[in-house]
Amino acid sequence: MGECTMKKIKNYINGRFQAAISGKYLDNYNPAEGKVYSLIPDSDARDIEVAVEAAKDAFADWSETTAIERSLILSKIADLIDRDHEMLAKAESVDNGKPLKLASRVDIPRASSNMRFYASAIQQFASEFHQMDKSTINYTLRQPVGVAGCISPWNLPLYLFTWKIAPALAAGNTVVAKPSEITPMTAYLFSKICVEAGLPPGILNIVHGLGSKAGQSIVEHPEVPIISFTGGTETGKKLAVTAAPMFKKLSLELGGKNPNILFDDCDFELALNTTIHSSFANQGEICLCGSRIFVQKGIYHKFLDAFVEKTRLLKVGDPLEEGSKLGAIVSEDHMNKILSYIQLAKEEGGTVIVGGKRVTVDGRCKEGYFVEPTIIIGLDHMCRINQEEIFGPVVTIMPFEDEDEALEYANSTAYGLSATLWTEDLKRAHLVADQIKSGVIWVNCWLVRDLRTPFGGMKQSGMGREGGLEALRFFTEPKNVCVKL
Ligand code: NAD
C-alpha cells in the first residue's frame with residue numbers, strides 16, 4: 001500500500017481533526033501481518049501547546065457544568081461505544097494483535113463500562129463535613145484541578161484510555177490525552193464518537209505521537225497540573241523526575257511481576273483453568289498476569305503435568321479467527337524482547353518445558369509476530385527471569401514448602417501490583433493476603449473487577465490508586481473551608 005492510499009489517523013484538538021503541525025507521520029503496524037497499515041501524526045510540543053490552550057479555554061465552562069450535565073454526555077459516549085462495539089473490537093484486534101474474541105468480550109465492553117461507571121459515580125460523589133463544636137464547622141470543596149494529562153499504554157488500548165478520561169471529565173477537568181503510538185486506532189475512533197455524542201470542543205483533546213516527544217511535552221507543560229499515567233516503570237520514573245519540581249499531582253500505574261500461589265488444598269480444577277487465563281490471556285500482555293506460579297509441594301507434580309498438557313492445546317493463530325487463543329505480540333521489538341528473555345532463562349539454568357519459540361502462522365499472518373505460550377522450570381526465585389517484567393506469554397513454575405516460603409518468594413521482587421491465591425482455607429487466605437505487598441489481591445479468582453474498588457500498585461508498580469471514588473478524589477483538589485458561626 002502506498003503512503004497516499006493509507007489511512008491517516010488525525011489528532012482531535014479543539015473539536016477539529018487535524019494532522020500534526022510538523023506534517024510528519026509515523027508508521028502504524030498490524031502486528032498479525034507484520035505490515036504497516038495506517039499512519040499516525042508525529043506530534044510534538046507545538047501540537048501539545050495548541051491542545052493545552054484549547055483545554056484551558058474549555059475549562060471555564062466545563063468546570064461550571066453540573067454533575068448531571070457531564071454525566072449525560074459520558075453516558076451518551078458509552079451508548080455509542082456499545083453501538084459501534086463490533087467495529088471497535090475489530091479495530092482493536094487489528095491494531096494490537098489480540099484475539100478478536102477477547103477484544104469483543106473484554107476490551108470494548110469495559111471501555112463503555114468505564115464511561116457509564118463514572119457517569120454514575122460523579123452523581124454519587126460527596127465531599128466531607130466536619131463539625132468541631134456547635135459554632136465551628138468545616139466543609140470540604142472538591143474542585144476540578146484544571147487541564148489533566150492522560151497517557152496510556154498499548155496492551156489494553158481503549159480500555160485503559162477511557163479508564164483515565166472518564167473520571168477526569170466526570171470530575172469537571174478538561175483533558176489532553178495521548179494513547180500509545182503502538183495502538184492509536186481505537187482512540188482515534190473514540191474521538192469521532194465524542195464529537196457525535198455532542199462533547200463540546202476543547203474539553204477532550206487527543207494528540208497522537210511518540211512518548212518522548214508528544215508524551216514528554218504534556219508532562220513538561222506548566223499548565224497541566226495533573227498527570228495520570230499507565231505504562232512501564234522506567235517511563236514512570238522519567239515522568240516523576242519531570243513532574244516533581246513542578247509539584248504536579250501524579251498517578252502512576254506501572255509494571256508488575258505478579259505471583260500466583262497455589263496451596264495444596266486449593267480447588268485444583270478451578271485453579272488450573274484460571275491459571276491458564278492468568279498466564280496467557282492477551283498473550284500475557286496484561287499488567288495483572290501471574291507470571292510467577294508458586295505451587296505447594298503436595299500438588300506440584302500433578303499441577304505441572306496438567307498445566308503443561310493444557311498449555312500445549314492453546315492455539316496461537318490469526319487473531320481474527322475464532323479458535324485462536326493467543327494472537328500476535330504487539331510489535332516486532334516486543335517479540336524480540338520476549339524471545340531474548342527466554343534465551344536468558346536458559347542461560348540462567350532454566351528448562352523450557354513448553355514453547356519457547358516464535359511461531360509462523362500460515363496465510364495472511366505469515367510475517368506476523370507470534371510467540372508460543374512458554375513454561376519454564378528450574379529457576380531460582382531471585383534470578384532475572386523471576387525479577388524482571390517480561391510482559392509476554394511466558395511463565396515460570398516453582399515449588400514451595402509452606403506459607404512463609406510462599407510469602408518470601410511472592411514479596412521478593414521490586415514490584416507490587418497484584419497477586420492471586422488459591423486455597424480453600426479462608427483463614428490462610430486472609431493471613432497471606434494481609435502480608436503480600438501488592439495493591440490488588442485475588443483469592444480463588446483472577447481479574448474479577450468491581451470498578452468501585454481501589455486499583456493500583458505498591459513499590460515499583462506505582463503510586464496512587466485508580467478506580468471508584470479514588471479516581472474522583474485524585475482528579476479533584478480538596479479545599480477545606482472552616483466557618484466560625
Ligand atoms: P511505556 O511506558 O513504554 O508507554 C506508555 C505510554 O507512555 C505510551 O503512551 C508512551 O508513548 C508514553 N511515554 C513514553 N515515554 C514517555 C515520556 N517520556 N513522557 C510521557 N509519556 C511517555 O509502556 P508500554 O510499553 O506502552 O506498556 C507496557 C507497560 O505498561 C508494562 O510495564 C505494563 O506492566 C504497564 N501497564 C501497567 C498497568 C497498570 O495498571 N499498572 C496497566 C497496563 C500496562
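What you see is a predicted model; the values in this text were computed from it and never measured. Position 1 is the first residue of the sequence, and the numbers go up from there. Whatever order the structure lists them in is the order used to number ligands and atoms, beginning at 1.
- Counting only heavy atoms of the protein, atom 37 (C) of ligand 1 lies nearest to Leu254 O, 3.1 Å.
- Both tests do not hold together for Lys325 against Phe280: distance to the six-membered ring centre under 6.0 Å, angle to the ring axis within 45°.
- Distances between N or O atoms of Thr233 and those of ligand 1 include no value under 3.5 Å.
- Nearest non-hydrogen protein atom to atom 26 (O) of ligand 1 is Trp154 CD1, 3.0 Å.
- The ring-ring contact (aromatic ring centres under 6.0 Å, His included) pairs that include a residue from residues 204-243 number zero, where partners must be two or more places apart or lie in different chains.
- Minimum heavy-atom separation, Ser180 to Pro153: CB-C, 3.5 Å.
- Not a single heavy atom of Gly457 sits less than 4.0 Å from an atom of ligand 1.
- Between Ile151 and ligand 1, a contact under 3.5 Å exists for no N or O pair.
- Listed by first then second residue, pairs satisfying salt bridge (Lys or Arg N to Asp or Glu O under 4.0 Å) with a partner in residues 166-183 read Lys178-Glu181, not counting sequence neighbours.
- Using a 4.0 Å cut-off between a side-chain N of Lys or Arg and a carboxylate O of Asp or Glu, Asp82 and Arg116 qualify as a salt bridge.
- Evaluated by nearest non-hydrogen atom to atom 22 (C) of ligand 1, the leading choice among Gly236, Ala243, Gly211, Ser461 is Gly211.
- When distances from atom 19 (N) of ligand 1 to the protein are checked, a heavy atom turns up under 4.0 Å.
- When only non-hydrogen protein atoms are considered, atom 21 (N) of ligand 1 lies nearest to Gly215 CA, 3.6 Å.
- Checking only distances, Glu389 does come within under 3.5 Å of ligand 1, N or O to N or O.
- Distance check, rounded to the nearest 0.5 Å: SG of Cys194 to CD1 of Ile165 gives 7.0 Å.
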